[in-house]
Amino acid sequence: MPPKKKSVPKEGKVCGECDSCSQNVIEEGLLCNLCNLWFHKGCQNVSDSLYQLINAHGNNDSVHWYCRSCNTTAKDIMKNLSSIATTQTKLAKHIEANTEKIDKILSNQTEMYLKTEERLEKKLINSMEEKFSEHEDREKRKANIIVYEIEESDKTESNLRKKDDWENVVQFLHGLDIQHVDSKIRTFFRLGKREPNKRRPIKLVFYDIRDKELILKNAWDKKIKGVSRDRSKLDRDWFNTLKVEKERREQAGETNLMIRNYEIVKVPFRTSPNHNPQVKQYQAQH
């Protein structure tokens, strides 16, 4: 930083023009420490005593002299700086007083975010597990059918009841033009708890899914009711919802409604639900 100029001129030396009267400043001049211009002390109405004080301490950094124009500007600057300093002090105190609140708010927001993220993650995992479980359940049931209203034996011994059930199943499937039943069915069993005067449905598990499809087709063609696919719980719930909606629409006057592929459709006439060429080929072979 360059050394500070002396605020008064050296004796006999021209320092510059007075910014007030435009005459050379040779003596009794003053240098404004803000605009850096020279002035005669008389042009600035500076008293002799003040001029002598400035002359005595002109090289002291703590002593400054401003011309009348700059003095107003300097006052405004100092006032603004003081106001800024006061505001900064108040702001610092306010921040300090609210730091704990701000930290608590940020902590709560972070905790809420983490909990939300955890809930979404659990929901996603549960959804994936449910879909996987539903897929597995459908795969297990895809070669099964449920037959209702087959007469149930009232014999006390379970092996005798099982034998009667088998004979009734074979007779039922023969009525649907299904032969060699014993080579097609993997297993069969009644569903639900045994109750007096109530026929429980029978689940038939086939080795080949085509046998199941053929039975469903033949039952449809022969208009035999009480034969259905072995649906998963999700499918059963949705199917029951469709049945309620179908009944509501039929009561409202709609006709020729059918539940097909898990939706209600309107058909012009009764058609077979199964036109799979693989089933037709399999039927021809067996």
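Keep in mind that the numbers below use all heavy atoms, side chains included, and drop hydrogens, waters and symmetry copies.
Salt-bridge check for R248 with E245: passed, with a basic side-chain N closer than 4.0 Å to an acidic carboxylate O. Ionic pairing of E213 and R229 is present here: one or more N-O contacts between side-chain nitrogen and carboxylate oxygen are shorter than 4.0 angstrom. Between E134 and R138 there is a salt bridge, since a side-chain N of the basic residue sits under 4.0 Å from a carboxylate O of the acidic one.
In this structure, K75 has no salt bridge (Lys or Arg N to Asp or Glu O under 4.0 Å) partners at least two apart in sequence or on a different chain. Under the rule for a salt bridge (Lys or Arg N to Asp or Glu O under 4.0 Å), E167 has no partner lying at least two apart in sequence or in another chain. Taking the salt bridge (Lys or Arg N to Asp or Glu O under 4.0 Å) definition, one finds that E157 meets it with nothing, sequence neighbours left out. Scored by the side-chain hydrogen bond (donor to acceptor under 3.5 Å, both in side chains) test, R190 finds D165 as partners (sequence neighbours excluded). Take D48 and apply the side-chain hydrogen bond (donor to acceptor under 3.5 Å, both in side chains) test, not counting sequence neighbours, and it matches K41. Under the ring pair (Phe, Tyr, Trp, His ring centres under 6.0 Å) criterion, F188 pairs with W166, not counting sequence neighbours. Under the salt bridge (Lys or Arg N to Asp or Glu O under 4.0 Å) criterion, E250 pairs with K246, sequence neighbours left out. Legend: residues meeting side chain to side chain contact (heavy atoms under 4.5 Å, CB included) with H174, ordered by chain and number and at least two apart, are V170, Q179, V181.
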Would you list the atom pairs, donor with acceptor, under 3.5 Å between side chains in residues 143-154 and any protein atom, with sequence neighbours excluded?
{"from": "N144", "atom 1": "ND2", "to": "K140", "atom 2": "O", "distance (Å)": "3.4"}
{"from": "N144", "atom 1": "ND2", "to": "D230", "atom 2": "OD2", "distance (Å)": "3.0"}
{"from": "E152", "atom 1": "OE1", "to": "R200", "atom 2": "N", "distance (Å)": "3.0"}
{"from": "E152", "atom 1": "OE2", "to": "R200", "atom 2": "NE", "distance (Å)": "2.9"}
{"from": "E152", "atom 1": "OE2", "to": "R200", "atom 2": "NH2", "distance (Å)": "2.6"}
{"from": "S153", "atom 1": "OG", "to": "K155", "atom 2": "N", "distance (Å)": "3.2"}
{"from": "S153", "atom 1": "OG", "to": "D164", "atom 2": "OD2", "distance (Å)": "2.9"}

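The shortest side-chain heavy-atom distance between K233 and D237 falls under the 4.5 Å cut-off. C35 places none of its side-chain heavy atoms less than 4.5 Å from the side chain of S69. The shortest distance between side-chain heavy atoms of N218 and L214 falls below 4.5 Å. Counting heavy atoms from C-beta on, the side chains of V25 and F39 never come closer than 4.5 Å. For the pair F172 and L176, the minimum side-chain heavy-atom distance is below 4.5 Å. Annotation: side chain of R186 is not in contact with side chain of F206 (no heavy-atom distance under 4.5 Å). With a 4.5 Å cut-off on side-chain heavy atoms, I202 and L191 do not count as touching. K162 has its side chain within reach of F189: a pair of non-hydrogen atoms, C-beta onward, lies under 4.5 Å apart.
Here the closest non-hydrogen pair linking K212 and K142 is NZ-O, 2.7 Å. Across every non-hydrogen atom of C18 and C43, the tightest pair is SG-SG, 3.8 Å. Residues S228 and L216 approach most closely at C-CD2, 4.1 Å, considering heavy atoms.
Under the 3.5 Å distance criterion, the side-chain polar atoms of H40 are left unmatched by any main-chain donor or acceptor of L30. Using a distance-only test at 3.5 Å, with no hydrogens or angles considered, no donor-acceptor pair links the side chain of S133 to the main chain of E129. Side-chain atoms of T89 come within 3.5 Å of backbone N or O of A85 as a donor-acceptor pair. Judged by distance alone, the side chain of K266 and the main-chain N or O of T255 form a donor-acceptor pair under 3.5 Å. When atom types are taken as modelled, the side chain of N240 and the backbone of R236 share a donor-acceptor pair closer than 3.5 angstrom.
Of the inter-residue distances, the one linking S82 atom OG with I84 atom CD1 reads 9.5 Å to the nearest 0.5 angstrom. Atom NZ in K217 sits 10.0 Å away from atom NZ in K222 (nearest 0.5 Å). Rounding to the nearest 0.5 Å places CG of L173 at 6.5 Å from CD1 of I178. Atom CD1 of I264 is separated from atom CD of E247 by 10.0 Å, given to the nearest 0.5 angstrom. Rounded to the nearest 0.5 angstrom, N33 CG and I54 CD1 are separated by 9.0 Å. The CD atom of E195 sits 10.0 Å away from atom CG of N197, with the distance rounded to the nearest 0.5 Å.
The hydrophobic cluster containing I209, built from Ile/Leu/Val/Met/Phe/Trp/Tyr side-chain heavy atoms closer than 4.5 Å, comprises no other residue. Summarising the hydrophobic clusters (Ile, Leu, Val, Met, Phe, Trp, Tyr; side-chain heavy atoms under 4.5 Å, direct or chained), the residues clustered with Y113 are L114.
The salt bridge (Lys or Arg N to Asp or Glu O under 4.0 Å) pairs that include a residue from residues 111-120 are E111-K115, E118-K122, where partners are two or more places apart or lie in different chains.
Around the CD atom of E121, the shell of radius 6.0 Å holds no more than 12 heavy atoms that belong to other residues, nucleotides or ligands.
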Report task. Go through the steps for R141 and K203 under the test side chain to side chain contact (heavy atoms under 4.5 Å, CB included), then give the verdict. Result -> CA-CA 10 Å; R141 298 171 184 267; K203 176 184 287 192; 3.9 Å; yes
Query raised in the report: Is there a side chain to side chain contact (heavy atoms under 4.5 Å, CB included) between E17 and W38 once you walk through the steps?
Result: CA-CA 6 Å; E17 291 184 353; W38 285 95; over 6 Å; no
Requested in this report: Report the C-alpha distance between Q44 and W65 in whole Å, list the side-chain angles of each, state the deciding distance to 0.1 Å, and finish with yes or no for side chain to side chain contact (heavy atoms under 4.5 Å, CB included).
Outcome: CA-CA 11 Å; Q44 290 290 308; W65 178 82; 3.8 Å; yes
**Report entry** CA sep, side-chain torsions, deciding dist, call: Q88, L91, side chain to side chain contact (heavy atoms under 4.5 Å, CB included)
**Finding:** CA-CA 5 Å; Q88 286 180 331; L91 181 60; 5.6 Å; no
Requested in this report: Report the C-alpha distance between S83 and N80 in whole Å, list the side-chain angles of each, state the deciding distance to 0.1 Å, and finish with yes or no for side-chain hydrogen bond (donor to acceptor under 3.5 Å, both in side chains).
Outcome: CA-CA 5 Å; S83 176; N80 290 334; over 6 Å; no
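Side-chain contact annotation: S232 with D235, donor-acceptor N/O pair under 3.5 Å present.
Placement of V46 and L37 within a single hydrophobic cluster is found when ILVMFWY residues are connected by side-chain heavy-atom separations under 4.5 Å, directly or transitively.
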